[in-house]
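Below: one structure, written as structure tokens.
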Amino acid sequence: MASSSMHQLSFARHPLLPRTCRLQPRPRFSSVRFPSFSVRASSAVAVELDTGTQKDPTLDGEIFSCPICYEPLIRRGPSGLNLEAVYRSGFKCKKCNKSYSSKNNFLDLTLTAGLRDYVEVKPARTELFRSPVVSFLYERGWRQNFNQSGFPGQDEEFKMAQEYFKPAEGGLLVDVSCGSGLFSRKFAKSGTYSGVIALDYSENMLRQCYDFIKQDDAVLKANLALVRADVSRLPFSSCSVDAVHAGAALHCWPSPSNAIAEITRVLRSGGVFVGTTFLRYTPSTPWIILPFRQRTAQNYSYLTAEEIEDLCTSCGLTNYTRKIQQSFIMFSAQKP
């Protein structure tokens, strides 16, 4: 999660975003689990449900897409976004002919999924969170220490995020860089969204997330899926997601500019992006610790509040707003 230089983008709309973004219906996920179905091979993947009950008219197509070509994947297995349905399903890209499957209760949709010989090593700050020790400790003391930098605590952060996400209620929420699923579980349990996808690059974080989910029956039965993916190569079609959350994540991304451009691509028109992170410094930062903050910025992508706003607006997001407390910032922006 090596700092990359940020580039000013001059477009008003991401070049990969089709004009049909505004016309696509939101997907909804039925509470009926594990129906039989058949898949018709056509230019648009059609899924027919045989559940013995009336078909849910809001369940429209497969939400997961190939991370290589962004074509919707064809699913072989039970429909639905819940953990068991996704785990029991196989996915294949009709265009690339590449297959994807679940492993250890999460669906691997990285570019390197299934490769035998090639191993990709990310920057140190990304590899740190792939550690089983760090993944185990994250909710057992690590995350709680963020309070010292001004983070208001998980319950208050969740309430703040929910306020920003009001325009996306009833839609699909993706919690990128979800870690051990601290906020993914809260979003899923709230019942505010038709589906929640907990997404992280770390296999061990996703395993921890599953362990926590098993302890809460309400979350276990929710429309919640665990997905391994790269935030700079999100496995969703353009204009298919209503809300994206990134809690304490931006400073760990290898390229914040690539990640936010990708988040903009997958958001629908009116979709909301909410993130929190550590600021490199603020006007109230004591001068005596500024040199230390500058040195740590070499290892993490700590940005200023102005840089975050510039990055969001340059990627085509609007209605930018923020709340700052010491080194903590929560920011929100919307796709026009």
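Source: prediction; values computed, not measured. Basis for what follows: all heavy atoms, side chains included, without hydrogens, waters or symmetry-related copies.
For the residue pair Ser65 and Ser237, a side-chain donor N or O sits within less than 3.5 Å of a side-chain acceptor on the partner. Side-chain contact of Ser135 with Asn204: a donor-acceptor pair under 3.5 Å is absent, judged by distance alone. Between the side chains of Trp253 and Ser177, a donor-acceptor pair is found at a separation under 3.5 Å.
Ion pair Arg130/Glu203 flagged as a salt bridge, since at least one NZ, NE, NH1 or NH2 atom sits closer than 4.0 Å to an Asp/Glu carboxylate oxygen. Taking 4.0 Å as the cut-off between side-chain N and carboxylate O, Lys103 and Asp108 do not count as a salt-bridged pair. Here Asp217 pairs with Lys221 in a salt bridge; the nearest charged N to carboxylate O distance falls below 4.0 Å. A salt bridge links Glu120 and Lys122; the closest N-O separation between the charged side-chain nitrogens and carboxylate oxygens is under 4.0 Å. Ion pairing between a basic and an acidic side chain is recognised when a charged N comes within 4.0 Å of a carboxylate O; Glu157 and Arg143 show such pairing.
Atoms CG and NZ, on Leu115 and Lys98 in that order, are 5.0 Å from each other to the nearest 0.5 Å. With rounding to the nearest 0.5 angstrom, the SG atom of Cys315 is 9.5 Å from the CZ atom of Phe273. Going from atom OG1 of Thr264 over to atom CG of Leu317 covers 3.5 Å, rounded to the nearest 0.5 Å.
Cation-pi geometry between Arg265 and Tyr70 is met: under 6.0 angstrom from the ring centre, within 45 degrees of the axis. Under a cutoff of 6.0 Å and an axis angle of 45°, Lys323 and Tyr164 form a cation-pi pair. For the pair Arg228 and Tyr201, the cation sits on the ring face: its NZ or CZ lies under 6.0 Å from the ring centre, inside 45° of the axis. Seen from the ring of Phe212, Arg185 counts as a face-on cation partner, given the 6.0 Å and 45° thresholds. At least one test fails for Arg280 against the ring of Phe278: distance under 6.0 Å to the centre or angle within 45° of the axis.
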Might you work through the side chain to side chain donor-acceptor pair (under 3.5 Å) test for Ser184 and Asp175, ending with a clear yes or no?
CA-CA 6 Å; Ser184 305; Asp175 188 16; 2.6 Å; yes

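When all heavy atoms of Met160 and Pro152 are compared, the pair lying nearest together is SD-CG, 4.1 Å. Looking at every heavy atom in both residues, Asn82 comes nearest to Asn223 through N-OD1, 4.3 Å.
Contact check for Val176 versus His245: no side-chain heavy atoms found under the 4.5 Å cut-off. You'll find the side chain of Gln208 stays beyond 4.5 Å of the side chain of Tyr138, heavy atoms only.
Enclosure of atom OH in Tyr87 is not indicated, since only 12 or fewer non-hydrogen atoms of other residues, nucleotides or ligands lie within 6.0 angstrom.
In this structure, Lys335 contributes its side chain and Leu267 its backbone to a donor-acceptor pair below 3.5 Å. Side chain of Ser194 to main chain of Gly171: a donor-acceptor pair is present (N/O by atom type, distance under 3.5 Å, no hydrogens or angles).
A perpendicular orientation is assigned to the rings of Trp142 and Phe129, their planes being inclined by more than 60° (bins at 30° and 60°). Ring geometry for Tyr320 against Phe331 counts as parallel: the plane angle stays under 30°, on a 0 to 90° scale with 60° as the upper cut. Classified by interplanar angle (parallel below 30°, tilted 30° to 60°, perpendicular above 60°), the ring pair Phe187/Phe158 is tilted.
Side-chain rings of Tyr100 and Phe91 stay apart, their centers remaining 6.0 Å or farther from each other.
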